[in-house]
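The structure displayed is predicted, hence computed values, not measured ones.
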Amino acid sequence: MATVARSLTGARLHAINCNQLLRSCGIDPALQSSPQSRIPARQFIELCRRISGRLEDEQYGLLERKQRIGSYHAIATNAVHGKTLGEAMQRFASVSNLFDNSLHLSCEFTGQQAKLEVLRRTGMQVRDSFAIDTTLMILHRFGSWLINERIALHMVRLDYQAPPLHEHEYLFYGTSVIKGTSCSSIEFDANYLDRPVVQTESTLVDYFQDAPANLYLPFEESGQYTRHIRRYLDKLTEEAFAKCSLKSYCKTLGTSSDSLRRRLKQEGSSWQAIRNSVRREQAIKLLTSSDKSVEQIAFLIGYTEAAPFIRAFRNWTGATPLQFRKSLQREPRSY
């Protein structure tokens, strides 16, 4: 919820009813008083989509001027025609800078090190550093998608002191983060720059269809079939989700289980991994927003007993369901 608060900065400044906005995404506004509380990623993705739509701004009202809807699509359409990742990212930065907004992008390729930088333009506002985070994430996620391989980051630098509860590990895959530097950047092995771009304008259409999910879901969950399955499972009732299987899903899709397994493997995913990811988010939502018992929650997300659910939840979060729920009832930290 601390991240949610940062994402709402622009909406608040434009006098949008944030409580109403949160409710429209299934998020309890009362959770704002508990910044350490967690919500499912899908709810946050929907919130970002709605903030962007209300403000007609792909940077959520956080920059000097609106980043009009369609700006990133125009930038990405140019970049996808680069033959290599290095050429594509140069194109991305050059076209992005034509918009002459609060942030200036640059690419530095020296020796074995590649660096994509985000600098604040003098005299232009950045209302919340959440805009810096999202820009760095776009550079990383989009670059990884272009070559269909997650770029392993060496370092992330932030030109600000990150606030409490900042989700560095989630946003940047656990990469080391240095705070308070002269500019913000992501750094990685320069060998990635020679990787060929394997995406096209045609695949770009699908990439943007589910935006901004490709920012906030792990790279291995951002493939076409993986996203389709997530959307399908997200829409099921609790009872239907508990009964859903790979076989029943393939029947609705009109394809074979073996064919779907192959396609998911190509995306670095699997039916069970996707189902467990949705289970995790449903469990977090139920623990956060309901008074259902651990046994009831286990049953609702497809477990026949509480014990395997408790073991799985500890693997997902490092805490048992009861420990997680109790942590939400503590006095909120200052933020």
Side-chain angles (χ1 to χ4, degrees), residues 1-10 25 27 31 35-49 51-52 58-63 67 72 89 92 96 102-103 105 114-120 126-146 149-181 183-188 192 207 210-223 226-227 230 268 277 280-281 284 316-318 333 335:
M1 287 302 295
T3 303
V4 171
R6 297 174 69 213
S7 73
L8 287 168
T9 301
C25 303
I27 303 169
L31 292 175
Q36 79 276 18
S37 298
R38 305 191 69 85
I39 61 169
R42 276 287 169 182
Q43 288 183 334
F44 182 59
I45 290 165
E46 181 61 25
L47 177 64
C48 290
R49 187 179 289 127
I51 297 170
S52 182
E58 291 182 335
Q59 269 290 12
Y60 315 123
L62 301 178
L63 304 183
Q67 190 85 354
Y72 279 122
M89 298 317 290
F92 190 101
S96 180
S102 301
L103 304 176
L105 308 187
K115 181 190 294 186
L116 303 180
E117 292 185 329
V118 179
L119 300 98
R120 303 179 195 236
V126 176
R127 297 182 177 93
D128 193 283
S129 54
F130 184 69
I132 302 290
D133 295 344
T134 55
T135 303
L136 292 174
M137 289 165 64
I138 287 168
L139 291 170
H140 181 225
R141 307 299 206 273
F142 183 66
S144 297
W145 175 79
L146 285 172
E149 177 184 354
R150 187 201 288 181
I151 297 168
L153 297 177
H154 291 169
M155 185 73 65
V156 175
R157 299 179 189 273
L158 300 176
D159 67 354
Y160 65 94
Q161 290 298 330
L165 306 177
H166 193 294
E167 298 235 53
H168 290 136
E169 294 218 356
Y170 182 83
L171 301 182
F172 302 117
Y173 299 110
T175 307
S176 297
V177 175
I178 299 178
K179 308 165 194 174
T181 57
C183 71
S184 301
S185 65
I186 56 172
E187 300 175 11
F188 53 91
Y192 282 108
Y207 183 80
D210 207 25
N214 36 43
L215 277 186
Y216 298 106
L217 293 175
F219 179 72
E220 58 270 18
E221 294 185 26
S222 62
T226 303
R227 294 202 314 273
R230 281 191 65 99
S277 178
R280 179 180 65 245
E281 294 195 2
I284 288 172
W316 296 334
T317 66
R333 294 184 234 177
Y335 179 71

> Just verifying a value: how many Å separate His140 NE2 and Thr135 OG1, rounded to the nearest 0.5 Å?
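Separation between the atoms: 15.0 Å.
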> Find the distance between CD1 (Ile186) and CG (Leu158) and round it off to the nearest 0.5 Å.
11.5 Å
> Sub-3.5 Å donor-acceptor pair from the side chain of Thr175 to the main-chain atoms of His154, do we have one?
no
> Please check if any side-chain donor atom of Arg6 sits under 3.5 Å from a side-chain acceptor atom of Ser129, or the reverse.
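On atom types as modelled, these side chains qualify, holding a pair under 3.5 Å.
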> Describe, in one word, how the ring planes of Phe130 and Phe44 are oriented to each other, choosing from parallel (under 30°), tilted (30 to 60°) and perpendicular (over 60°).
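Judged by the thresholds at 30° and 60°, the geometry between Phe130 and Phe44 is perpendicular.
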> Drop me the distance from Leu136's CG to Glu117's CD, to the nearest 0.5 angstrom.
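Here the interatomic distance stands at 10.5 Å.
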> Is Glu46 close to Ile27 at the side-chain level, that is, under 4.5 Å between some pair of heavy atoms?
no
> Evaluate the side-chain proximity of Val4 to Met1: yes if any heavy-atom separation is below 4.5 Å, no if none is.
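Yes; the side chains approach each other to less than 4.5 Å.
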> Could you walk me through whether Leu146 and Tyr207 pass side chain to side chain contact (heavy atoms under 4.5 Å, CB included), step by step?
CA-CA 10 Å; Leu146 285 172; Tyr207 183 80; over 6 Å; no
> Using the rule given for side chain to side chain contact (heavy atoms under 4.5 Å, CB included), can you reason through Leu139 versus Val118, listing the C-alpha separation, both sets of side-chain angles and the distance that settles it, and then say yes or no?
CA-CA 10 Å; Leu139 291 170; Val118 179; 3.9 Å; yes
> Please check if the side chain of Tyr192 supplies one atom and the backbone of Ala152 the other of a donor-acceptor pair under 3.5 Å.
yes
> Main chain of Ser102, side chain of Arg120: is a donor-acceptor contact present, judged purely on distance under 3.5 Å?
no
> Can you check whether Tyr60 reaches Asp128 side chain to side chain, under 4.5 Å on heavy atoms?
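No - every pair of side-chain heavy atoms lies 4.5 Å or more apart.
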> Is a side-chain donor or acceptor of Arg127 paired with a backbone partner of Gly61 at a separation under 3.5 angstrom?
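At least one qualifying donor-acceptor pair exists.
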> First locate atom CG of Leu103, then atom SG of Cys183, and finally report the distance between them rounded to the nearest 0.5 Å.
12.0 Å
> Ignoring hydrogens and geometry, is there a side-chain-to-backbone donor-acceptor pair from Ser52 to Cys48 under 3.5 Å?
no
> Work out which heavy atom in Gly143 is nearest to a heavy atom in Met89; give both atom names and the distance.
CA-SD, 4.1 Å
> For residues Leu63 and Ala131, report the shortest heavy-atom separation together with the two atoms involved.
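Scanning both residues, the minimum pair turns out to be CD2-CB, 3.8 Å.
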> Check whether any side-chain heavy atom of Lys179 lies under 4.5 Å from a side-chain heavy atom of His166, and answer yes or no.
no
> Looking at Gln59 and Gln67, what are the two nearest heavy atoms and their distance?
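Looking at all heavy atoms of both residues, the closest pair is N-CB, 4.0 Å.
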> Donor-acceptor check, side chain of Glu58 to backbone of Tyr72, threshold 3.5 angstrom: yes or no?
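Yes, Glu58 side chain to Tyr72 backbone: donor-acceptor pair under 3.5 Å.
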> Within this structure, what is the CD1-CZ distance for the pair Ile151 and Arg141, rounded to the nearest 0.5 Å?
11.0 Å
> Do Leu116 and Leu105 have side chains that approach each other closer than 4.5 Å (heavy atoms only, starting at C-beta)?
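SC-SC contact between Leu116 and Leu105 ruled out.
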> Distance check, rounded to the nearest 0.5 Å: Thr3 atom OG1 versus Leu165 atom CG?
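It is 8.0 Å, given to the nearest 0.5 Å.
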> If you take all heavy atoms of Glu281 and Arg42, which pair is closest and at what distance?
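Shortest heavy-atom contact: OE1-N, 3.4 Å.
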